[in-house]
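These notes concern the structure reproduced below.
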Protein chains: 2
Amino acid sequence: MKKKPTIYDIASKLNITAATVSRALNDSELISKKTKKMVLESAHELSYFKNRHALALKSGRTNQIGLVVPFINRHFFSNIIMGVEEELYPKGYQVMIFQSNESEKKEQDVVEALLKNQVDGVLISVSKTTRTKSHFNKIIENNLPLIFFDRKVDVDNSSSVETDDEFGGKIATQHLIDQGCSQIAYVTVDLNLNIYKNRFKGYKKALEANNIDFNSDLVFQANSDVISGRKVARQILSNDIKIDSIFCSSDYIALGVIQELKDNNVDIPGDISVVGFSNEPFTELLDLTLTSIEQNPYEIGKSAARVFLDQVNAKDAIIEHAIKLKPKLCIRNSSMKNSLKPH
Amino acid sequence: MKKKPTIYDIASKLNITAATVSRALNDSELISKKTKKMVLESAHELSYFKNRHALALKSGRTNQIGLVVPFINRHFFSNIIMGVEEELYPKGYQVMIFQSNESEKKEQDVVEALLKNQVDGVLISVSKTTRTKSHFNKIIENNLPLIFFDRKVDVDNSSSVETDDEFGGKIATQHLIDQGCSQIAYVTVDLNLNIYKNRFKGYKKALEANNIDFNSDLVFQANSDVISGRKVARQILSNDIKIDSIFCSSDYIALGVIQELKDNNVDIPGDISVVGFSNEPFTELLDLTLTSIEQNPYEIGKSAARVFLDQVNAKDAIIEHAIKLKPKLCIRNSSMKNSLKPH
DNA sequence: TTATATTGTGCAATCCATTGCATAATATTG
DNA sequence: CAATATTATGCAATGGATTGCACAATATAA
């Protein structure tokens with residue numbers, strides 16, 4: 001197990017001091033071109049590279065950032081991670097990925113761990129169960145860039161990158177209206193969460209813009225899963241609620257709705273059009289492909305990473321970004337009334 | 001921005017030296033109980049914690065391990081990551097996640113980066129395009145545990161954790177036979193890859209065990225995607241090949257097959273039963289749920305992590321593990337001939 | 001009580017790179 | 001050529017924790 005070369009090895013080989021080598025490697029203008037060249041060649045020859053930990057110890061900066069997501073094995077979040085890495089890796093940053101498991105306690109622990117690691121910044125999507133924010137303030141107190149993505153909390157001097165959920169809700173609803181629908185049911189998840197609140201807002205705005213009266217009887221509450229979707233559909237059928245379409249704020253709900261409706265011989269989209277939200281991978285794999293709203297997590301990740309870079313490069317200046325990315329409507333068969341369906 | 005406390009802060013507060021503090025914190029038997037207690041209390045009071053980078057610099061060990069996957073946003077791999085983290089996080093290890101993007105060059109770069117980081121070990125699922133192994137040897141030369149998971153390469157002193165693909169191929173085929181099938185088509189992906197080679201082997205073994213002649217006309221080659229699956233199905237239909245079932249070595253292929261067969265009014269599973277491989281999340285979301293083989297990536301991750309722990313704790317002793325985890329058959333509607341289907 | 005053993009602490013070097021200050025080497029100017 | 005300005009390098013401390021060796025403090029035995 002050969003030892004890794006250090007600047008001292010280069011120095012002694014060239015009969016100069018480590019200080020000179022260090023300056024040469026950092027392209028200091030104090031060092032003559034001749035010496036720089038010697039050092040660089042020698043470094044390459046020994047396949048020398050700087051010891052990250054020595055650097056971190058000396059400078060307090062690690063070139064590592066902390067990335068916290070509720071779960072890594074979700075299509076949405078893993079694609080965000082992809083985006084972040086894509087943007088930060090070329091700049092020499094390493095991304096330390098952590099999961100909060102939607103637990104506030106774990107989230108606090110993880111932030112603690114990140115601070116111990118002396119990361120240069122934190123990108124985080126807040127756990128659903130988080131109610132306090134002292135752990136976020138700690139990050140700010142340490143003078144580190146803090147960027148929320150997808151789910152944010154109000155913290156001074158932090159930035160955020162989100163989907164424009166209201167816009168998403170609006171275009172989904174507008175799409176249904178464009179298909180001739182007017183009795184549009186809406187299925188929401190926990191309205192305490194901003195993302196759902198905003199989707200709902202978009203739904204109402206679209207109705208309003210088209211002079212369709214909002215009818216609270218058409219609004220249903222569910223969890224974000226297939227079973228809940230089925231339940232809602234059953235409720236609609238058994239109460240004989242008259243609708244021509246359903247906009248679900250989750251693809252899983254939409255799938256449950258479709259399954260239940262089909263089981264009851266309702267024609268989709270003929271009788272009822274269905275639209276989901278998030279554009280989960282399965283939406284295009286179904287027999288009846290599902291119209292949905294694409295949030296482009298990859299771009300969210302890239303954007304959050306860019307905000308981070310902005311903040312570190314700004315040094316003292318406090319920059320607060322609040323970015324909203326427009327989601328995109330992906331039209332598929334579940335919503336296309338009276339028209340040729342793509343195969 | 002307050003400075004982080006060090007052992008020197010504790011030392012001066014207690015009028016002792018940093019050496020004593022260090023020993024006390026490490027519970028050295030050289031230190032009196034009284035002093036230990038003082039130090040521990042003081043450390044807690046200042047909310048002191050060790051500086052990872054100072055430790056790494058001194059010891060050469062970082063308590064970080066490198067985890068390399070082709071893509072992080074795949075259900076299979078992200079669940080492996082979950083397993084690894086679950087096992088290693090409580091032991092004080094941090095997991096640095098990297099992607100190779102199925103590129104040999106990127107994989108080499110990533111391994112290089114890991115070595116620069118002085119990780120304490122590497123867990124890797126080899127990129128499909130990797131043909132050389134000098135980067136793996138470098139890991140071994142650095143005396144670091146190297147554990148392959150899912151996809152391995154033959155490297156001395158390394159360990160591996162894999163799915164028992166042959167077993168998976170066997171139980172899938174046996175299941176079809178148990179349903180009364182005997183004309184079982186097989187769709188494989190690149191036979192140069194071990195995982196597919198072994199699944200194929202399992203298929204043949206099962207046939208043999210049931211005295212069914214292997215018929216190479218029933219073996220098809222495809223890429224692991226829906227389109228390829230459709231193509232295979234079309235080929236079977238247009239050539240009027242007589243089969244009663246198809247075992248696809250990928251769920252995506254199976255899905256394509258199902259779609260094409262349905263489009264041609266073939267009854268599944270009545271006329272033809274279909275089985276996939278990998279138990280992708282979508283398999284249970286389909287109208288016709290897909291029977292598949294669950295590889296339990298979470299367990300693969302945990303197992304790989306445990307092997308790593310074994311290796312680091314073994315110090316000098318060279319331990320080579322070669323673990324094969326049994327996959328599990330998940331029976332769903334696509335394969336259940338003549339029987340009650342689960343709803 | 002003195003000599004010896006035992007136990008608890010301190011000193012200082014080490015891991016590797018950076019950087020303020022001092023100084024040597026060279027170039028410029030009078 | 002002497003004197004000053006430039007330029008290039010070296011010295012040594014720093015960041016935080018560890019550890020071999022020396023030594024002080026205490027306990028035990030004679």
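A note on names: the letters A, B, ... follow the listed sequences, proteins ahead of strands, and every chain is numbered from 1. What you see is a predicted model, and the numbers here were worked out from it, not measured in a lab.
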Exercise: do [X] and [Y] side chains pair donor with acceptor under 3.5 Å:
| X | Y | value |
| --- | --- | --- |
| B/Q118 | A/H53 | no |
| B/S32 | B/T35 | yes |
| A/K4 | B/N142 | yes |

Q.
By nearest heavy atom, map B/K33 and B/S59 onto DNA chain C; which one lands nearer the 5' end?
A.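 Closer to the 5' end of DNA chain C: B/K33.
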Q | Range on DNA chain C touched by chain B - first to last nucleotide, heavy-atom distance under 4.0 Å | A |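 Under 4.0 Å from chain B, the extent on DNA chain C is C/dG8 to C/dC16.
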Q.
Just to be sure I understand the rule, does B/E29 reach a base, reach only the sugar-phosphate, or reach nothing, if contact means heavy atoms closer than 4.0 Å?
A.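 The residue B/E29 makes sugar-phosphate contact but no base contact.
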Q) Tell me, for nucleotides 9-17 of chain D in 5' to 3' order, what letter each nucleotide earns: B for a base near a protein heavy atom under 4.0 Å, S for only sugar-phosphate near one, - for neither? A) BBBB-BBBB
Q. Among all residues two or more places apart in sequence or in another chain, which pass the side-chain contact (heavy atoms from CB on, under 4.5 Å) test with A/A305?
A.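 A/A305: side-chain contact (heavy atoms from CB on, under 4.5 Å) contacts with A/V84, A/E87, A/L88.
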Q: Could you list the residues that satisfy side-chain hydrogen bond (donor to acceptor under 3.5 Å, both in side chains) with A/S125, not counting sequence neighbours?
A: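 Partners of A/S125 under the side-chain hydrogen bond (donor to acceptor under 3.5 Å, both in side chains) test: none.
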Q.
Between the side chains of A/E45 and A/K13, is the shortest nitrogen-to-carboxylate-oxygen separation below 4.0 Å, so that they form an ion pair?
A.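 Yes.
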Q | Where B/Y93 and B/L309 come nearest, the two heavy atoms and their spacing | A |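 Smallest interatomic distance, heavy atoms only, reads CE1-CD2, 3.8 Å.
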Q: Evaluate the side-chain proximity of A/V155 to A/F148: yes if any heavy-atom separation is below 4.5 Å, no if none is.
A: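 A side-chain contact exists here, since the closest heavy-atom pair is under 4.5 Å.
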(Q) Tell me the bend of the helix from C/dT1-D/dA30 to C/dG30-D/dC1 as the angle between end helix axes, each from five pairs, rounded to the nearest 10 degrees. (A)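 Comparing the axis at each end, I get an angle of 50°.
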Q.
Can you list everything that forms a salt bridge (Lys or Arg N to Asp or Glu O under 4.0 Å) with A/D9? Sequence neighbours excluded, please.
A.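 Salt bridge (Lys or Arg N to Asp or Glu O under 4.0 Å) list for A/D9, sorted by chain: empty.
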Q | Spacing of B/N313 atom CG and B/I319 atom CD1 [to the nearest 0.5 Å] | A |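 Nearest 0.5 Å value for the CG-CD1 distance: 8.5 Å.
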